[in-house]
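These numbers were taken from a predicted model, which means no experiment stands behind them. Note on naming: letters A, B, ... go to the chains in the order of the sequence lines (proteins, then strands), and numbering restarts at 1 for each one.
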Amino acid sequence: MDLDLSPVEPFRAEVRDWLRAHVPAAALPSLETEEGFAAHRAWERELHRARLSVVSWPERYGGRDATPLEWLVFEEEYYAAGAPGRVSQNGINLLAPTLLRHGTPEQLDRVLPPMASGEVIWAQAWSEPGAGSDLAALRATATRTDGGWLLNGQKTWSSRAAFADRGFGPFRSDPAAGRHHGLTYLMFPLDAEGLTRRPIGRIDGKPAFAELFFDDVFVPDSDVIGAPGEGWRVAMSTTGNERGLTLRSPGRFTAAADRLVALWREHADPADTALRDRVADAWIRARAYRLKGFETVSRADDVGAESSVNKVFWSELDLALHETALDLLGPDGELGGEWLEGYVFSLAGPIYAGTNEIQRNVIAERVLGLPRAAR
Amino acid sequence: MKFILDAEQRLFGETLHKLLTGAGTPGVIRSWAAGEPGPGLALWRSLSEAGVFALAVPEAAGGAGPLPVELVTAFHELGRHAVPGPLVETVAAAELLSGIGDEGLAAAWLPRIAGGTAVVSLALPPAVPYALDADIADLVLTVDRAVDRAVDRAGAGDGGDELRKAVPGAVRPSLDPARRLFPVGPGGASATGPAVRAAAGAAYDLGALACAAQLTGLGRRLLEATVEYAAARRQFGQPIGAFQAVKHRLADVLVGLEYTRPLVHGAALAYGSPDFARDVSAAKAAASEAAYAAARAALQVHGAIGYTDEYDLSLWIRKARALHSAWGPPAEHRARVLSSLVGGQDPGGGRLPPPRVR
């Protein structure tokens, strides 16, 4: 057992030097606004030119074939440098791993390069009004037609969909099959004929997600991922990424924890031992998440249901980091700024990617082996 | 970079687990608590034969150490089986003796610790004010921080010329019946100076790390036993483990433990580096909280049976509470972490030895 990072230090140094020279001095406008979305897309292009937008991907799609450890190091440097949020993260972290596992070579060649460059930005379309935690209750349909499928129904809470270019998600293609069967995983353009999108203001009013109405939206067969009817299995192969390390890398939390310690230094009231305790605790938890990441990439086996353990941990850590920062800021905590933007973002963490209640069910039943029961 | 135990380290842990399962520790614990240390001392010798105490003794002094990763692997298993005795104190004492600069004392005792023929207790006031099982120990050490004084007490030493025999104070009962705590007054000095202070700091850090590992093992066993119970115990016509209120609480226990193990391993790998004290404190704070949460959940899910003296798991529940604060409670360790991060500025607390500052 060792924690010898010296073999990846040259890569770390390259990333650090590039970021030092290129990260915008002033924070970009929020990526959940039209102006900010465009600015973040331009930043993705810049990252891509340096081949830093998707370091862990194969070279032929714009990556560097970076090892999981190199990816962790990239993320540490990225967030330590205060670089902009990743507007294309849903594509890079959720769709791409699914395609790499289930996609055809044609799909990979067609979809991945423009995703890597920020030319096409993807939105996840899973939830429906009647299918949130109970995703298998989804009702939006895909009906066979000549050369493809016709989509009908409604998706909602689709992150980034207000400004993104394309979406992906499961649709019910065989209504007669059981809940987890007869689903098909599809990709579609958000400006398709018959598709109406209505942006939804999140809790601070910014249009961070949207609802999507499908009225005979045509999707060619070439945009089906995996076999028709296999959508549940295909979708579930993404959730490990969503709940696991790849969506929320340790780097963002260790960077936030270091900033929190700096904020404590600036604003600390030495008599407030309760706040001191929370600052230290948040830093310790961020360190634990970092080390757990090293543990995960050292393992040969698939983490599987253990990704739910990760999701509960990072989502609660993110909240703790930001709540503590706002408390340190005192009466200024409610004023706009990076901590507040991060706080609003962190509020959604325990809800998206499968609520933490669902994650705890998964942990209890599939990791601990407790008996299943009616909910 | 490979941040998981290697095959040999895993095998070492599994071997200890088998040895301790076979030893039937609940009976050993109850005898120890009743003042009959025989079975516990026999187990001590078995552990020594398995190589546990040699891990903290330098090779030059007849040991195999220092091997901190193997040490936390061993203490995880010792905690998982709630083994009684001054285990943490003995390895911390080995660290103290290795660094104190008194070659006579080190030469007299380190080989015996490695060989399992010396049970050593240790107090490091104010953080560790009592010496555990001092009446059974062959040697009791204390370092008076205020005067930089190393004092050996008790010690029915064979050939330990510099050691003075002393009678420990009256035993103070603990919530954990197997933890028999003794106040230790200052005695005659046997070594003094800055080396003593540094060695006491190092001993404290290694002791706190071993205690953190013990806590992760305790927590693991509490969770395993509670999952088993929740799957078997039926109410309202179904296993209580099928209820979400029970599931979610146990899921949280697992989350806490899963994120403590890497902190303990990370601290073990930091042994000898300037970050060691900080990383040990991070591990001990997390381990105290995770194991205590496991104990609270175990008690709640077991219900009344878990609240009885005769139910063996209550030995684990009580130990988790005692070790939560032994070797420093979480708040003091958190203060030490923060102090280390902001460059030694004392954020309060201050009962723990200060971390080294770069």
Side-chain angles (χ1 to χ4, degrees), chain A residues 1-8 69 72 257-258 261-262 264-265 268 270-271 273-274 276-281 283-285 287-300 306 308-310 312-313 316-317 356-357 359-365 367-375, chain B residues 1-6 9 69 73 223-224 226-228 230-231 238-244 246-256 258-263 265-266 268-270 278-279 281-283 285-286 289 330-331 333-339 341-343 345-349:
Chain A
M1 168 179 262
D2 72 278
L3 265 176
D4 179 14
L5 299 178
S6 57
V8 286
L69 178 61
L72 286 177
D258 288 341
V261 169
W264 182 80
R265 226 173 169 161
T273 54
R276 175 190 77 196
D277 209 51
R278 288 168 56 200
V279 171
D281 188 53
W283 187 89
I284 291 169
R285 286 159 69 187
R287 173 175 166 77
Y289 192 63
R290 177 177 193 246
L291 292 173
K292 186 70 151 51
F294 292 142
E295 197 180 278
T296 303
V297 302
S298 299
R299 285 169 52 170
E306 286 175 48
S308 291
V309 175
N310 252 33
V312 169
F313 190 83
E316 294 187 348
L317 166 60
N356 285 10
E357 285 73 18
Q359 307 304 337
R360 288 185 170 96
N361 286 345
V362 172
I363 295 167
E365 291 169 8
V367 184
L368 293 177
L370 285 166
R372 292 185 62 92
R375 307 265 180 242
Chain B
M1 198 285 301
K2 203 146 182 72
F3 189 54
I4 46 173
L5 296 178
D6 63 33
Q9 290 161 338
V69 174
T73 304
L223 178 59
E224 286 163 355
T226 306
V227 165
E228 204 176 304
Q238 61 173 337
I240 59 171
F243 292 108
Q244 281 193 326
V246 172
K247 281 190 170 135
H248 288 192
R249 185 152 190 183
L250 296 180
D252 282 338
V253 170
L254 181 72
V255 172
E258 279 294 299
Y259 283 90
T260 299
R261 178 188 55 238
L263 288 170
H265 285 157
L269 289 175
R278 180 198 73 188
D279 293 351
S281 277
E289 302 287 22
H333 281 290
R334 290 194 191 106
R336 201 165 78 131
V337 167
L338 201 50
S339 161
L341 291 174
V342 300
Q345 166 193 341
D346 184 7

Applying a strict 4.5 Å limit to non-hydrogen atoms, the region of V227(B) in contact with chain A is both

Got a sec, which residues hit ring-ring contact (aromatic ring centres under 6.0 Å, His included) with F313(A), two or more places apart in sequence or on another chain? Y259(B)

Which bit of A285(B) is near chain A, if near means a heavy-atom gap under 4.5 Å: side chain, backbone, both or neither? side chain

Using heavy-atom distances under 4.5 Å, tell me whether Q9(B) contacts chain A through its side chain, its backbone, both, or neither. side chain

To the nearest 0.5 Å, how far apart are CD in Q244(B) and CD in E365(A)? 8.0 Å

Tell me, side chain or backbone of V8(A) under 4.5 Å from chain B's heavy atoms, or both, or neither? neither

So for L5(B), is it side chain, backbone, both, or neither that comes closer than 4.5 Å to the heavy atoms of chain A? both

Which is it for R261(B) and E295(A) under the side chain to side chain contact (heavy atoms under 4.5 Å, CB included) test, yes or no, and what are the steps along the way? CA-CA 10 Å; R261(B) 178 188 55 238; E295(A) 197 180 278; 2.6 Å; yes

Quick check: closest heavy atoms across L291(A) and P262(B), and the distance to 0.1 Å? CD1-O, 3.3 Å

Verify, without hydrogens or angle tests, whether R287(A) (side chain) and A282(B) (backbone) share a donor-acceptor contact under 3.5 angstrom. no

Quick check for you: to the nearest 0.5 Å, what is the distance between R334(B) atom CZ and R278(A) atom CZ? 11.5 Å

Pick one of side chain, backbone, both or neither for V255(B), based on which atoms fall under 4.5 Å of a heavy atom in chain A. both

Please determine, among L370(A), D2(A), V309(A), V367(A), the option with the most heavy-atom pairs under 4.5 Å with chain B. D2(A)

Cut-off 4.5 Å, heavy atoms of chain B, and the answer for L3(A) is both

For residues N356(A) and H248(B), is any side-chain donor paired with an opposing acceptor at under 3.5 Å? no

Based on non-hydrogen pairs under 4.5 Å, which of D258(A), D4(A), T296(A) is most in contact with chain B? D4(A)

Over all heavy atoms of both residues, which pair between A251(B) and I363(A) is shortest? Give the atoms and the distance, please. CB-CG2, 3.7 Å

Mind ranking V69(B), D6(B), L250(B), D252(B) by heavy-atom pairs under 4.5 Å with chain A and telling me who comes out on top? D252(B)

How far does CD of E289(B) sit from CD1 of I284(A), to the nearest 0.5 angstrom? 9.5 Å

Not counting sequence neighbours, which residues clear side-chain contact (heavy atoms from CB on, under 4.5 Å) with S298(A)? List them please. M1(B), K2(B), F3(B), I4(B)

Give, for atom CG of L338(B) and atom CH2 of W283(A), the distance between the pair rounded to the nearest 0.5 Å. 9.5 Å

Can you tell which part of E316(A) gets under 4.5 Å to a heavy atom of chain B, answering side chain, backbone, both or neither? neither

